[in-house]
Amino acid sequence: MKRAAALLLALVVHALTLGFIVLGAWTIVVNAEFVFGWLIGGVLIGIGWLLRPRPERLPADAEVLDRAEAAELYGTAERVAVRMGIRPPELVAIRDLATRSTYQKVGFRRTRVLVLGLPAWLALTPRQRVTLLAATYASEATGHDLLVEGALSTLGEWRQALLGSAPLRARDEARTKITGTLGAFDTPDTTYELAGTVGRLIGRVLGAPVLLVDFALTRLARSGDERARERRLAAAAKAVAPGEVAELEELLSGGRYLAPMQAAALRGESVPVIRRGALSRATRPGSATPLLGEAESGRIDDELLGHYTRAVRGFGLIS
């Protein structure tokens, strides 16, 4: 029932977006001989285009790995997914300074992409790496099909347009300098400030329904996420012991694995030395698993060595 309501609400949002484009085209056709009709129609079509649904995309700093150059990593990701009974990723990507890994569907084709945070991956034992993959697969968002995801994207554009406006920083800085220079001769509010204030007030009034629809659609879309995650965690138990997921989540959320690696990177230590140091601090050193042995894990490190070398230069930027 909630899923049907989410789909219906998403269709209403898409219909509104399409309505702007249709109304703009109709305005141009009916008033083709008037320049004013073309201007109004163009503005309406432009609004519809700006509000078009946008599918989920990879983070800007994510780098997709070539399967031929990271065959062992792709193979491990597929083995864990198959053991859990889910569809394996089509692509594997990495992020140099992200500590969190995600499993997401991107683009209109809904391509399944596993995105790994290199700092955490570098610090983990083979068994912890399998646990990380299982936990990442288990945390995949559910209930967001293409229609609902597109509607949420459109509502986000509405929210930004109506509620995200603010005075230009450069103009405010210039006014502050002028005021400081003039001293007692303070500068009065101008038409720009007045128009901006009125515009923001109108935006907040019109933005209230947008926030309400956004809240309702988000709640409806995520209503089944918790049950779905419980099912996926049960599936993760096919690959790792139940307590290992919680243990790994505690390790990653606390970030205690990161500080020694940052210190080592600042000392100029090489990637292999940083890796050995991280393994020596592991709670279960040398804990291999049938899904990923020590040798296979070492081959993955060889595949990612160039990426590790680039990433450790920025480890000091991670907070």
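Only this structure's heavy atoms are used, side chains among them; waters, hydrogens and symmetry mates stay out. Heads up: numbering here begins at 1 and tracks the sequence.
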Do [X] and [Y] belong to the same hydrophobic cluster, where Ile, Leu, Val, Met, Phe, Trp and Tyr are linked whenever their side-chain heavy atoms lie under 4.5 Å apart, directly or via other members?
X	Y	value
L16	I21	no
L305	V64	yes
L122	L266	no
V273	I300	no
V35	V29	no

Measure the [atom1]-[atom2] distance between [X] and [Y] for me, rounded to the nearest 0.5 Å.
X	Y	atom1	atom2	answer
L248	S253	CG	OG	9.0 Å
E63	H307	CD	NE2	5.0 Å
L39	T27	CG	OG1	11.5 Å

Show every donor-acceptor pair shorter than 3.5 Å between a side-chain atom in residues 42-51 and any protein atom, with sequence neighbours excluded, or say none if there are none.
none

Quick one, [X] and [Y] - any side-chain contact, counting heavy atoms below 4.5 Å?
X	Y	value
L132	L252	yes
L304	L65	yes
T76	R79	yes
M261	R281	yes
V115	Y103	no

Residue pair [X] / [Y]: nearest heavy atoms and the distance that separates them:
X	Y	value
A81	P88	CB-CA, 3.6 Å
L279	L124	CD2-O, 3.9 Å
Y257	A123	CD1-CB, 3.6 Å
Q104	P59	OE1-CD, 4.3 Å
G37	N31	CA-CB, 3.9 Å
G277	S280	O-OG, 2.6 Å

Does [X] reach the main-chain N or O of [Y] with its side chain, forming a donor-acceptor pair under 3.5 Å?
X	Y	value
Y74	V92	yes
S297	E294	no
W121	L116	no
T99	A120	no
R95	A62	no
E250	E247	no
Y137	A77	yes
E303	A71	yes
R110	V106	no
Q262	F315	yes

- Message: The criterion is salt bridge (charged side-chain N to carboxylate O under 4.0 Å, His left out); which residues satisfy it with D301, sequence neighbours excluded?
- Response: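 Partners of D301 under the salt bridge (charged side-chain N to carboxylate O under 4.0 Å, His left out) test: R129, R275.
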- Evaluate whether atom CZ of R310 has more than 12 neighbouring non-hydrogen atoms of other residues, nucleotides or ligands under 6.0 angstrom away.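 Yes, the 6.0 Å shell around CZ holds more than 12 heavy atoms from other groups.
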- Message: Can you see whether T111 engages R109 through a side-chain donor-acceptor pair at a distance of less than 3.5 angstrom?
- Response: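 Indeed, the side chains of T111 and R109 share at least one donor-acceptor pair under 3.5 Å.
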- Task: Determine, step by step, whether T131 and V245 satisfy the side-chain contact (heavy atoms from CB on, under 4.5 Å) criterion, reporting the C-alpha distance in whole Å, the side-chain angles of both residues, the deciding distance to 0.1 Å, and the verdict.
- Result: CA-CA 6 Å; T131 305; V245 174; 4.2 Å; yes
- Task: Quickly, which of I86, T136, L133 forms a side-chain contact (heavy atoms from CB on, under 4.5 Å) with V80? Name it, please.
- Result: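 Among I86, T136, L133, the one meeting side-chain contact (heavy atoms from CB on, under 4.5 Å) with V80 is L133.
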- Message: Applying the salt bridge (Lys or Arg N to Asp or Glu O under 4.0 Å) criterion to E78, which one of R112, R67, R83 satisfies it?
- Response: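 With E78 as partner, R112, R67, R83 yield a single salt bridge (Lys or Arg N to Asp or Glu O under 4.0 Å), made by R67.
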- Apart from V22 itself, residues in the same hydrophobic cluster as defined by side-chain heavy atoms under 4.5 Å: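 When side chains under 4.5 Å apart are linked, the cluster holding V22 also contains L18.
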- Item | Worked verdict on L292 versus R127 for side-chain contact (heavy atoms from CB on, under 4.5 Å) | CA-CA 7 Å; L292 181 63; R127 189 172 193 86; over 6 Å; no
